[in-house]
2 protein chains.
Amino acid sequence: MKDNNDMPGHLARRFQQIAVAVFLAEVGEAGFDLTPVQYAALATIKANPGLDQVTLAGLIAYDRTTITGVVDRLVQKGLTERRASSRDRRARELEITDEGRRTLRKITPAVESAQQKMLRGLSAKEGGDLMRLLRKAIAAGNELSRAPLREA
Amino acid sequence: MKDNNDMPGHLARRFQQIAVAVFLAEVGEAGFDLTPVQYAALATIKANPGLDQVTLAGLIAYDRTTITGVVDRLVQKGLTERRASSRDRRARELEITDEGRRTLRKITPAVESAQQKMLRGLSAKEGGDLMRLLRKAIAAGNELSRAPLREA
DNA sequence: TACTGATAGTCAGCATACTGAGCAATATCG
DNA sequence: CGATATTGCTCAGTATGCTGACTATCAGTA
């Protein structure tokens with residue numbers, strides 16, 4: 001009988017669970033109310049001004065149906081603007097607002113501290129190894145999920 | 001500017017996303033409709049007959065509020081029985097049904113094949129290293145989430 | 001025994017994630 | 001040009017997961 005601890009899928013869920021909890025705790029203590037998904041989306045919008053939702057989804061490997069709600073909430077919080085594209089009337093162009101920029105800047109230390117905390121218990125070398133192995137497994141499995149990573 | 005690929009939290013989400021997709025695909029091809037969470041719960045109920053929901057939650061590190069719905073669905077599918085405990089009238093004792101046992105037995109090859117597939121792209125040694133590092137990080141962060149692992 | 005605290009379970013509400021369907025607009029090709 | 005396919009987005013439905021609150025019950029103690 002295989003133990004749960006021998007199942008990469010189970011370990012993946014546990015690690016993700018802890019990662020999200022750490023992120024929310026650090027960011028919450030810093031006085032912000034932003035989820036990991038919202039943070040990644042906001043940072044990507046800032047780095048790629050005017051991008052459309054499908055491109056955003058591809059850059060961070062979200063499902064396109066998930067993006068709708070995430071962007072809804074970023075707009076609701078005043079961190080992002082969503083407007084119709086002039087080139088393609090199906091598409092929505094996304095821009096970060098000044099408020100969004102301010103939030104990103106102030107939240108960054110908490111985010112980085114969270115990334116550290118997730119790896120506590122591992123040496124620097126082990127942390128690097130873990131990330132390298134995850135990247136490799138993810139690259140090999142990229143096309144297996146409905147929301148693969150897509151380059152710009 | 002830190003890239004997403006340098007964030008363990010982001011890598012955790014991506015790996016988990018792929019792991020779930022692979023699981024559902026393999027299990028679906030085998031003709032079953034069972035999620036990773038439902039599978040883990042069912043296997044744990046089988047291994048610990050008569051356990052209550054809080055114990056089940058602890059053994060697989062779920063939140064107790066999530067367990068309610070998961071067990072609901074296992075009962076709905078006829079794979080599990082939930083009955084009031086005689087010792088403690090607050091608690092529910094969980095038992096696997098014959099149908100549940102049959103399902104577990106028939107689904108096992110698909111589950112194991114899924115675990116393999118998640119690690120494709122990694123050598124056997126790398127896969128072992130990844131699992132070891134994940135276990136270590138998880139052990140160190142166990143108490144950081146609302147649903148830590150609890151021994152029986 | 002009565003009070004106090006802890007525990008088992010559920011529920012409402014919110015935020016990911018996915019499937020599948022559908023609409024509107026654009027691209028492509030005969 | 002017109003039929004067809006594709007693309008961007010949204011929506012309905014379902015399943016995790018979480019927070020916080022609530023009920024019922026149990027356990028320990030004054």
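Just so it is clear: chains get the letters A, B, ... in the order the sequence lines come, proteins before strands, and each one is counted from 1.
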Exercise for review: Check DNA chain D for consecutive Watson-Crick or G-U pairs with both distances under 3.5 Å and list the runs of at least three as stems.
Suggested key: C:1-30 with D:1-30
Check your understanding: Is there a side-chain contact between B/Leu119 and B/Met131 (heavy atoms, below 4.5 Å)?
Key -> yes
Point to revise | Residues B/Gln38, B/Phe32; criterion side-chain contact (heavy atoms from CB on, under 4.5 Å); working and verdict | key: CA-CA 12 Å; B/Gln38 289 164 17; B/Phe32 292 95; over 6 Å; no
Study note, to complete from the structure: The side chain to side chain contact (heavy atoms under 4.5 Å, CB included) partners of A/Arg101 (sequence neighbours excluded) come to A/Lys46, A/Ile96, A/Asp98
**Study point:** Positions of residues 81-91 of chain B (non-hydrogen atom under 4.0 Å from DNA chain D), listed by number
**Key:** B/Asp88, B/Arg89, B/Arg90
**Study point:** Test item: A/Asn4 and B/Thr44 side chains (from C-beta on) under 4.5 Å apart, heavy atoms
**Key:** yes
Review point. With A/Glu29, which residues qualify under side chain to side chain contact (heavy atoms under 4.5 Å, CB included), at least two apart?
Key: none
Check your understanding: Can B/Arg102 and B/Leu79 be said to form a side-chain contact (heavy atoms from CB on, under 4.5 Å), step by step?
Key -> CA-CA 9 Å; B/Arg102 232 178 349 256; B/Leu79 307 178; over 6 Å; no
**Study point:** Considering all heavy atoms, the nearest A/Ala41-A/Val70 contact
**Key:** CB-CG1, 4.1 Å
Check your understanding: Minimum heavy-atom separation for A/Glu93 to A/Ser86, with atom names?
Key -> OE2-N, 4.3 Å
**Study point:** For B/Ser123, side chain to side chain contact (heavy atoms under 4.5 Å, CB included) partners two or more places apart
**Key:** B/Lys125, B/Glu126
Check your understanding: Under a criterion of less than 4.0 angstrom to any heavy atom of chain A, what are the 5'-terminal and 3'-terminal contacting nucleotides of DNA chain C?
Key -> C/dA15 to C/dT26
Below 3.5 Å between N/O atoms, which protein atoms pair up with nucleotides 1-4 of chain D? Just atom names and distances, please.
none

Point to revise | Sequence neighbours excluded, every pair satisfying salt bridge (Lys or Arg N to Asp or Glu O under 4.0 Å) that has a member inside residues 140-152 of chain B | key: B/Asp63-B/Arg146, B/Glu143-B/Arg150
Review point. Who passes side chain to side chain contact (heavy atoms under 4.5 Å, CB included) against A/Thr55, sequence neighbours left out?
Key: A/Leu51, A/Asp52, A/Leu59
Practice item. Can you run down the salt bridge (Lys or Arg N to Asp or Glu O under 4.0 Å) pairs that involve residues 67-76 of chain B, sequence neighbours left out, and say none if there aren't any? Key: B/Asp72-B/Arg82
Check your understanding: When you look at CD of A/Glu81, are more than 12 heavy atoms from neighbouring residues, nucleotides or ligands closer to it than 6.0 Å?
Key -> no
Point to revise | salt bridge (Lys or Arg N to Asp or Glu O under 4.0 Å) evaluation trace for B/Glu99 with B/Lys77 | key: CA-CA 9 Å; B/Glu99 173 78 17; B/Lys77 291 177 182 178; over 6 Å; no
Side chains of residues 17-27 of chain B: which donor-acceptor pairs under 3.5 Å do they make with residues two or more places apart or in other chains?
from	atom 1	to	atom 2	distance (Å)
B/Gln17	OE1	B/Arg14	NH1	3.2
B/Gln17	NE2	A/Ala61	O	2.8
B/Glu26	OE1	B/Ser113	OG	2.5
B/Glu26	OE2	B/Lys117	NZ	2.8

Study note, to complete from the structure: Heavy-atom contacts, protein to nucleotides 15-20 of chain D, under 4.0 Å, summarised as B (base), S (sugar-phosphate only) or - (none) per nt, yield SSBBBB
Review point. D/dC11 C1' sits how many Å from A/Gln53 CD, rounded?
Key: 13 Å
